[in-house]
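Notes follow once the structure below has been shown.
Every chain is numbered from 1 and lettered A, B, ... according to where its sequence line falls, protein lines coming before strand lines.
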Number of protein chains: 2
Amino acid sequence: MAGERRRATAVDVARLAGVSQSAVSRCFTEGASVSAETRSRVLEAARRLSYRPNAIARSLTTRRTNLIGVVMGDLDGPFQPYLFETLTRGLASRGRQPLLVRGDPADALDGTAMAALDYQVDAVVVTAGSVSPAAVRGLMALGVPLLLYGRAVEADGVDSICCDNPLGARLVAQALVAAGHRRIAYLGGRPTAFSEQERGSAFRAALAELGMPLAAVGEGDYSYDSGHREALRLLAGPDRPDALFCGNDAMAFGALDAARTALGLRVPDELSIVGFDDVPMAGWPSFSLTTIRNPVDEIVATLLDMLERRLADPDAPPVLHRPPPLLVRRGSACL
Amino acid sequence: MAGERRRATAVDVARLAGVSQSAVSRCFTEGASVSAETRSRVLEAARRLSYRPNAIARSLTTRRTNLIGVVMGDLDGPFQPYLFETLTRGLASRGRQPLLVRGDPADALDGTAMAALDYQVDAVVVTAGSVSPAAVRGLMALGVPLLLYGRAVEADGVDSICCDNPLGARLVAQALVAAGHRRIAYLGGRPTAFSEQERGSAFRAALAELGMPLAAVGEGDYSYDSGHREALRLLAGPDRPDALFCGNDAMAFGALDAARTALGLRVPDELSIVGFDDVPMAGWPSFSLTTIRNPVDEIVATLLDMLERRLADPDAPPVLHRPPPLLVRRGSACL
DNA sequence: AGCGGCTTTGCATACGCATGCAACGACGCT
DNA sequence: AGCGTCGTTGCATGCGTATGCAAAGCCGCT
């Protein structure tokens, strides 16, 4: 059967089918002019040789690779994998190939990462926070269409989409106050993150509007461990908070564990805990986390539409979407 | 600065530097013959034009793309993202670009997925269970070097690496029996999965050798939900098991939640629960899961070595590695 | 001075495919 | 019958780079 050292090329197929190489190419090109007879002869020959067009060679002439650079940071939390999963599946279903570009730990794009761009990706999707603003500017200078997720930016040729963080934070503040909580604490994520800046300041502002002081503030880094650590600190003092809003679900899980296991608190009776993102794990019975749903599916769908639009017209005006999040009430908070 | 419609090519650089295109090419090729003077002139010109070699065009002539196809199933559990993370980071650090190939839900590789292979990947890494054995055979027929993770296969040109599942299962059986458990149950994963077949049969065999009957058996699909569901069933009867070995950590988490939250059992006093994989979450205080460590870091490192070796010599004899796992004792089992 | 050997360089070509252009044939129309 | 039209086809070329080959230059040696 197989085992051939060299893959069949369009020339091989052409020879077998008794046509020119152009004819073969046209059979694999949408909307090209080929007679039914020629097409069937070519396809039969292609089948016998297990021929598939060489995407590399094709890209060279069409100047379109169909590759989309996907810039990601670590997949260490529960949220990133879900986003990545949804995004790559969506890209694949639209016939685009995701080429992974790793944001390096130092929050910059190093040479290794940039090397991916040498593959002439048609566009780059950056998932937020995975790279610094400086790195984003570097990407913009490349002249490749850029789609930003999780960071609102307004610049030529850059589309961005980002959950309406301020709205999410307001929803939490209003619900907590309305439910009668009086000692409300906030546990923020990585201070340099765009999402943290929006969530933190909106939460403070909303509480202030409601005339409610902020009882305590912790600073984490969006990790489970930091949530655990900061919760221990925030909840240890004399005037223990009766509610804790965490900048993301991972930290909320850490806080929940700290409260229940380490401190022996009853959640939600003695302490309400609210997260942000609504990762799948939030619905697990152990956690049953009340949280803000970051509408990933909707975001990815919109992102893909934005991508197609941008590819169709590189000069289209930049777009910014802010899809609204939603409060999901579960068992970790009295709301 | 930039904004040029067209990227600079080697010809542009050559013109600016006053040399031939070949000279430019040689400056960017390891081990090519170029004088120091020419090199510096070319590099300076390249810098001024922001020139970077076009990897697509380069691949066309070198017949090497430096792309590695990575076949993955869903990233829905806690294990897969960690594996993916480690693998892609390792690939990147060795200067190889991971091109994602999605295994489709029906456990086969559809056209969309195969399209990725049209990019002339230098090799394909398949993470186990993400595709059916039939799909694996299809990939082998392609004549591309194939690396299998999580499934032991012996075939020409196919290297594989897979945690020593039977050893892991034996470790659990021995530890449980030695600790005095007498009603031991097993909760298996997807029956078609290679890992499940190895873990399940080795666990049975080990218990039999120790003269211990298997108290009950559940059949899950490696998901948290199935673990939760099956645990409820297994633990509801009159002769409740005193130990439960789950085919992976995700199911163990589900079982743990079911036992504690739904059934009110004290773990590990009334029931020992053991998982398999040792995902990062297993160490969280809420779970503190006793489990078998699937040595992912070591596996990926070895996998990458196997890859380099295979790329260097496509005709090298196939290799099969079975790195040993390790029992990690935490709080969910009396061992 | 002459010669061999080495380094450096440019020329030409190939990689596999897409596509503009012209040629060709079939067909319908007047 | 003659003409125009349209659908189909092949030819030739280009995409951006790597590389074999030969020419050129340089050096040291005899």
Sugar-phosphate only, base, or nothing, as touched by B:Val24 at under 4.0 Å among non-hydrogen atoms: nothing
Please determine if A:Arg47 and A:Glu44 form a salt bridge, counting it only when a charged side-chain N lies under 4.0 Å from a carboxylate O. yes
Given C:dG10, C:dA18, D:dT17, identify the nucleotide with an atom nearest to the side chain of B:Ser20. C:dG10
Measure from CD1 on A:Ile56 to P on D:dA18 and round the result to the nearest Å. 14 Å
Show your reasoning for whether side chain to side chain donor-acceptor pair (under 3.5 Å) applies to B:Ser195 and B:Tyr222. CA-CA 11 Å; B:Ser195 53; B:Tyr222 281 144; 2.8 Å; yes
Taken to the nearest whole Å, CZ/B:Arg41 to C1'/C:dT9 is 12 Å
Rounded to whole Å, how long is the line connecting atom CZ of A:Phe28 with atom C1' of C:dG16? 13 Å
Counting the atoms with a prime plus P, OP1 and OP2 as sugar-phosphate, which does A:Ser35 contact under 4.0 Å by heavy atoms, base, sugar-phosphate, or nothing? sugar-phosphate
Given the structure, check if the side chain of B:Ser22 and the base of D:dT19 hold any donor-acceptor pair shorter than 3.5 Å. yes
Only one of B:Leu146, B:Ile68, B:Leu99, B:Leu147 passes side chain to side chain contact (heavy atoms under 4.5 Å, CB included) with B:Val124, and that residue is B:Leu146
Taking B:Arg58 first and then A:Asp118, would you say they form a salt bridge - that is, a charged N and a carboxylate O separated by under 4.0 Å? no
Could you tell me the separation between the CG atom of A:Asp118 and the P atom of D:dG16, rounded to a whole number of Å? 14 Å
Candidate nucleotides D:dG20, C:dC17, C:dC21, ranked by approach to the side chain of B:Arg26 - the nearest: D:dG20
Name the nucleic acid region contacted by A:Ser25, choosing base, sugar-phosphate or nothing; use a 4.0 angstrom heavy-atom cut-off, strictly under. base
A:Thr61 vs C:dA18: side-chain N/O to OP1/OP2 distance below 4.0 Å: no
Distance, rounded to the nearest Å, where A:Asn54 contributes CG and D:dC15 contributes C1': 13 Å
Heavy-atom nearest nucleotide on DNA chain C for B:Ala57 versus B:Ala36: which residue maps closer to 5'? B:Ala36
Checking D:dA18, C:dG16, C:dA18 against the side chain of B:Arg58 (C-beta onward), the nearest is D:dA18
How far apart are the C-alpha atoms of A:Thr38 and A:Ser35, what are their side-chain angles, what is the distance that settles it, and do they pass the side chain to side chain donor-acceptor pair (under 3.5 Å) test? CA-CA 5 Å; A:Thr38 300; A:Ser35 70; 2.9 Å; yes
Checking all strands, does A:Thr9 fall into the base, sugar-phosphate, or nothing category for heavy-atom contacts under 4.0 angstrom? sugar-phosphate
Return the value, rounded to whole Å, for the distance between atom CG of A:Leu60 and atom P of C:dC15. 14 Å
Side chain of A:Gln21: nearest nucleotide among D:dA12, D:dT17, C:dC11? D:dA12
Just checking A:Ser33: base, sugar-phosphate only, or nothing, at a heavy-atom cut-off of under 4.0 Å? base
Any A:Tyr51 side-chain nitrogen or oxygen under 4.0 Å from OP1 or OP2 of C:dC17: yes
Show your reasoning for whether side chain to side chain donor-acceptor pair (under 3.5 Å) applies to B:Asp297 and B:Tyr82. CA-CA 10 Å; B:Asp297 292 345; B:Tyr82 182 60; 3.1 Å; yes
What about B:Thr62, does its side chain sit under 3.5 Å from the base of D:dT19 through a donor-acceptor pair? no
Whole Å only: how far is the CD atom of A:Glu30 from the P atom of C:dA18? 12 Å
Which nucleotide in the list D:dT8, D:dA18, D:dT17 gets nearest to the side chain of A:Thr38? D:dT8
Remember a base hit wins even if backbone is also touched, and classify A:Arg63 as base, sugar-phosphate or nothing at under 4.0 Å, heavy atoms. sugar-phosphate
A:Arg39 CZ to D:dG7 P: how many Å, rounded? 15 Å
